[in-house]
Amino acid sequence: MALFDLRLQDIHNQLTSKELSVNELVDESYKRIAQTDESIKAFLTLNEDGARAAAAELDKLLQEDGERGLLFGLPAGIKDNIVTEGLLTTCASQFLSNYDPIYDAAVVKKLKAAQSITIGKLNMDEFAMGGSNENSSFFPTRNPWNTDYVPGGSSGGSAASVAAGQVYFSLGSDTGGSIRQPAAYCGIVGLKPTYGLVSRFGLVAFASSLDQIGPLTKNVEDSAYVLQAIAGYDPMDSTSANVEIPDYLSSLTGDVKGLRIGVPKEYLGQGIDPKVKESVLAALKQFESLGATWEEVSLPHTEYAVATYYLLASSEASSNLARFDGVRYGVRTDNPDNLIDLYRKSRSQGFGDEVKRRIMLGTYALSSGYYDAYYLKAQKVRTLIKQDFDNVFENYDLIIGPTAPTTAFRIGEQVGDPLTMYLNDICTIPVSLAGVPAISVPCGFADGMPVGLQIIGKAFDERTVLRAAHAFEQHTDHHKQRPQL
Ligand SMILES: NC(=O)C[C@H](N)C(=O)O
């Protein structure tokens, strides 16, 4: 079995029993990157010297007795909107192409405390705006299952690097689907935790009322390990929830007998590829055979979710991205005439088209005279969408449906059509607006491309989400399929 096919726990055991060294593991990772990244293009920056130095330190520790971190020695990739001290953090934007952070994000500190190794920084849509990685201002990442296809986005590099076996896990961020949709397109597991469970201190903000960091992994157990390492209260993030962190690993041993599943009719209706629907229905059958029950339910405000999201997320983005002015961060224009010219030129040159589109949309929605009609109304609709979920969760433990309405599409197919691109998130956006957790797990293939199943839980009930996802995975082998590279 190739190293990258092992579970995090197996690797951990081999390391602690000294069958394997951290250096060998890190070597494997860079070898795999050398073999595959010319075609996949998942990485923006490699941390080879840093990773090798960290590996040497950990190998020294292996000679001594003592506690090992939960992710000891495991090579990880980090989305390039999560700041890493001394390692470029560009958000895949020309604007930040020279940004070398002076601190680590809270999650990066947690990964270091858990003793994992940062292999490098992963490509994404610029400032996390997009669903295909084609909005990276450097180059698009490609789907390991077929390099003519997009890996999804915005955490496309994070998903592709795990699917290609370059790293053992990665971190992504999800605002309206950016972890789950690329995980689905690349045939891996992606978890968006409850809003507030994982600190966003050091995540370059896109839409602060929605952004969450989460793990992308090859299987559900690994997802639970990474979540265990990164979850927890952080006073440096004012939206961080001060809740007790349960033992996610022990939730994996449970079964799904008696679990009540609601299946939203809106997620399997118009616009859903019949082959995706078929895979989702087969997965529901699987749940039934494991002792769960499912019924059709309704999330009646689903049809307003995409419009609501694009008003709220863009409004927040227009405000968050105001800090990029050419003075404090990143690239500054040459020879401006005056201060206003410096702002204008730096922003015009620094941001790509999609980012500009959203800043303009958000600025418009927030402007006086339009605020009530757009921003405020969208806030009210968001409450209705959240209530849809509350209502269903009164009678059901989980909500299950597809992660995305289709499988991955061809590179270039949707670039000229932002609306079609936005609609790819129709099943993930409502979940983000409601702030509840959801995982995407592989549930089949359609024309050779992976299909993702989305399992949605109650706020802070990641345990039930992981338990159901794990039980499903134990009885299927979709997650064991590997792309030919
Ligand atoms: N950022 C996300 O979560 C993805 C979404 N497609 C967006 O462009 O906003």
Side-chain angles (χ1 to χ4, degrees), residues 79-82 91-93 122-137 140-141 150-159 170-186 190-193 195 198 200 203-216 305-321 351-362 365 378 382 403-406 408-409 414-415 417-440 452 454 456:
K79 188 175 179 180
D80 212 26
N81 59 351
I82 298 174
C91 292
S93 178
L122 294 159
N123 201 14
M124 54 187 280
D125 288 293
E126 184 178 8
F127 286 105
M129 297 177 193
S132 68
N133 253 248
E134 292 161 295
N135 295 341
S136 164
S137 54
T141 294
V150 304
S154 62
S155 312
S158 301
S170 66
L171 292 186
S173 68
D174 190 312
T175 307
S178 273
I179 291 175
R180 292 160 284 161
Q181 184 254 30
Y185 283 7
C186 290
L191 171 68
K192 181 199 88 75
Y195 181 76
V198 176
R200 295 147 345 141
L203 171 70
V204 178
F206 160 18
S208 308
S209 76
L210 294 152
D211 298 338
Q212 252 307 276
I213 295 173
L216 293 101
V306 172
T308 302
Y309 172 85
Y310 276 93
L311 283 168
L312 295 178
S314 304
S315 296
E316 294 181 29
S318 74
S319 159
N320 275 325
L321 271 58
F351 290 136
D353 288 349
E354 180 64 22
V355 176
K356 286 180 189 160
R357 181 171 14 244
R358 299 211 195 179
I359 290 175
M360 287 191 282
L361 187 65
R382 180 177 187 172
T403 305
T406 66
F409 44 92
Q414 296 186 5
V415 267
D417 184 2
L419 265 188
T420 304
M421 190 79 93
Y422 295 172
L423 285 170
N424 295 320
D425 291 336
I426 180 80
C427 306
T428 47
I429 277 177
V431 180
S432 300
L433 291 168
V436 294
I439 199 167
S440 179
Q454 184 174 213
I456 307 162

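First listed ligand is number 1; within each ligand, the first listed atom is number 1.
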Seminar exercise, completed: T403 and Q454 have their tightest heavy-atom pair at OG1-N, 3.3 Å
Exercise. Taking the side chain as C-beta and beyond, is there a heavy-atom pair between F351 and F127 under 4.5 Å?
Worked result: yes
Exercise. Is the closest side-chain donor-acceptor distance between S155 and K79 under 3.5 Å?
Worked result: yes
Problem set entry | Those residues that, when tested against E316, pass salt bridge (charged side-chain N to carboxylate O under 4.0 Å, His left out) (two or more places apart) | none
For this session: Output yes when a side-chain donor or acceptor of D125 lies under 3.5 Å from a complementary backbone atom of N133, and no otherwise.
Result: yes
Which atom pairs, nitrogen or oxygen on both sides, join ligand 1 and the protein at under 3.5 angstrom?
| unit_1 | atom_1 | unit_2 | atom_2 | d |
| --- | --- | --- | --- | --- |
| ligand 1 | 1 (N) | A128 | O | 2.7 |
| ligand 1 | 1 (N) | S178 | OG | 2.8 |
| ligand 1 | 3 (O) | T175 | N | 2.9 |
| ligand 1 | 3 (O) | G176 | N | 2.5 |
| ligand 1 | 3 (O) | G177 | N | 3.2 |
| ligand 1 | 3 (O) | S178 | N | 3.1 |
| ligand 1 | 3 (O) | S178 | OG | 2.7 |
| ligand 1 | 6 (N) | G130 | O | 3.2 |
| ligand 1 | 6 (N) | D425 | OD2 | 2.4 |
| ligand 1 | 8 (O) | G130 | N | 2.8 |
| ligand 1 | 8 (O) | R358 | NH1 | 3.2 |
| ligand 1 | 8 (O) | R358 | NH2 | 2.8 |
| ligand 1 | 9 (O) | Y309 | OH | 2.5 |
| ligand 1 | 9 (O) | R358 | NH1 | 2.9 |

Problem set entry | Sole candidate of Q212, R180, K192 that passes side chain to side chain donor-acceptor pair (under 3.5 Å) when paired with D174 | R180
